[in-house]
Novice: 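There's a structure below that I have some questions on.
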Amino acid sequence: MTSRVIPVPPFVLTVFGATGDLASRKLIPALFQRDLAGQLPDEANILGVARRAMTPEAFRDHARAAVLEHGGTSGPVLDRFLARIDYLAVDAAGDDGWDALAARLGGFAGRVKVHYLATAPQLFGPICERLGRFGLAGEDARVVVEKPIGRDLASALEVNRVVGEVFSEDRVYRIDHYLGKETVQNLMALRFANALFEPLWNSAHIDHVQITVAESLGVEGRAGYYDTAGTLRDMVQNHLLQLLCLVAMEPPPSLEADAVRDEKLKVLRALKPIDAHNAGHLTVRGQYRAGASAGGAVPGYLEELGSATSRTETFVALKAEIGNWRWAGVPFYLRSGKRLAARVSEIVVGFRPVPHSAFGEGAGPLQPNQLVIRLQPDEGVKLWLMIKDPGPGGIRLTHVPLDMTFAEAFKVRNADAYERLLLDVVRGNQTLFMRRDEVEAAWRWIDPILEAWRGMDEPPRSYAAGTWGPSAAIALIERDGRTWQEDGA
Ligand code: BG6
């Protein structure tokens, strides 16, 4: 089976922060892949912008290296791709270079203009203000902002305000790259394109939901940023809450952007508060110490950071509940962390046990059904069922998965989330982007947790690198008589 390539309209994409990590690791390689797939029209150009003076040739060399380092290959397509690329030195926080930028973009009349802010968030305001002042924020222009969108509700409101002063909401694209992952979108297909699940998708039939986003890597070169954020801000506020929304939302009337985002917003608003009264019971913070990962010894977070005093969490587990008719009483256990035992992201929907077993003791225990949606690695969906162990000699039951591992089921390359999201911006499709009120509602729920932690005045619990986090995270779920699913089994 081959994937369908839908052409996009002519565009010029300006990448602010073009020499940075995100542009090199994700944006440039993603655009190359789309060119390789034949999806970019002839009139598609990429304009790298950063403060540093650099010739366009030097930037193209940089882009070539980025493509080759991240899965691309040299050849005529790479040459064609590089010919689309140009570079301009522009001072995001001053006025140098802006006239030249306006003149350059003026040469692309009639094209969609995408401004991608792959910069530090402090520059979002100055850049948007100048995009407005230099006439680059007209109806044909869209702006893309990356997380972190604030570090709490107040700062998120401010980011949204400065961007909103220049761009109307229908032209603001807030990226959460988890929404661009193949399996995340499949969650919507699974729920809303099949008659099987939706009748069971409620507290009468679902016992609990687990969402795990585990990484085996540490903070790598990002300790400086990470130490100001921590896992709750870096992962839970955005990626994990977005996943929770897609699992829990009501069926939207269509996949039109606001139809989906309205439903997600209702979920965020229905989350029961976690604050100083219950945070000690419902949340666990951890920080990794030295241990073994991928077979080798690795240092602890404090060593990597070079500071013995940080209390920033590198792991969070929490038990959330959604206070509405569909989900009342169904716990949503969320966990995420760095330097865990494996890189695995998955959603496990645990169904309730059958009300009565007609099978005798010899048949073995009945295990509840589970739907496991694996985001990475090995994207796919497994539905765990009880079946009869084949063979004569009475009925013995066994728990087996109906297994749809996408790599085996569909022989197509799995596109990176940025490939889809970047072209959605060009197409003007906001469905997979966060609306202003969603980001704010997520912070409204996260802020009291952060405040409760500050009030507790205790360090995060330590866990050895290469394990599944502090033992308190295991206790969090086990005291409810449940266990974390570590391998989908
Ligand atoms: C980012 C976080 O948003 O997501 C990183 O800032 C994290 O800390 C990354 O490593 C994980 O993304 P992925 O796609 O590798 O699961």
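All residue numbers refer to positions in the sequence shown, counting from 1. In listed order, ligands and their atoms are each counted from 1.
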Novice: Please could you name the atoms of ligand 1 that Asp234 approaches to less than 4.0 Å, counting only its heavy atoms?
Specialist: 2 (C), 5 (C), 6 (O), 8 (O)

Novice: Could you tell me which atoms of ligand 1, counted from 1 in the order shown, lie closer than 4.0 angstrom to a heavy atom of Lys181?
Specialist: 13 (P), 14 (O), 16 (O)

Novice: Which label fits Tyr178 and His239: parallel for a plane angle under 30°, tilted from 30 to 60°, or perpendicular past 60°?
Specialist: parallel

Novice: Quick check on contacts: which atoms of ligand 1 are under 4.0 angstrom from a heavy atom of Lys338?
Specialist: 5 (C), 7 (C), 8 (O), 10 (O)

Novice: Could you tell me whether Arg482 and Asp207 make a salt bridge, using a distance below 4.0 angstrom between a side-chain N and a carboxylate O?
Specialist: yes

Novice: Going by the atom numbers of ligand 1, which of them fall below 4.0 Å from some non-hydrogen atom of Gln376?
Specialist: 13 (P), 16 (O)

Novice: Provide the number and element of each atom of ligand 1 under 4.0 Å from a heavy atom of Lys147.
Specialist: 1 (C), 2 (C), 3 (O), 6 (O)

Novice: List the closest protein heavy-atom neighbour of atom 15 (O) of ligand 1: residue, atom name, distance to the nearest 0.1 Å.
Specialist: Arg343 NH2, 3.9 Å

Novice: Pairs of nitrogen or oxygen atoms closer than 3.5 Å, one from Tyr226 and one from ligand 1: do any exist?
Specialist: no

Novice: For Glu215, take its heavy atoms, then give the atoms of ligand 1 lying under 4.0 Å from any of them.
Specialist: 7 (C), 10 (O), 11 (C)

Novice: Which atoms of ligand 1 sit under 4.0 Å from any heavy atom of His177?
Specialist: 1 (C), 3 (O), 4 (O), 12 (O), 13 (P), 14 (O)

Novice: How are the rings of His115 and Phe16 set relative to one another: parallel (under 30°), tilted (30 to 60°) or perpendicular (over 60°)?
Specialist: perpendicular

Novice: For atom 16 (O) of ligand 1, find the nearest protein heavy atom and state the residue, atom name and distance (0.1 Å precision).
Specialist: Tyr178 OH, 2.4 Å

Novice: Using 30° and 60° as the class limits, which term best fits the ring planes of Phe59 and His62: parallel, tilted or perpendicular?
Specialist: parallel

Novice: Quick one, Phe197 and Arg191 - any side-chain contact, counting heavy atoms below 4.5 Å?
Specialist: no

Novice: With Gln287, which of Pro470, Ser462, Ser310 fulfils side-chain contact (heavy atoms from CB on, under 4.5 Å)?
Specialist: Ser310

Novice: Does Glu146 pair with Arg174 as a salt bridge, N-O distance under 4.0 Å?
Specialist: no

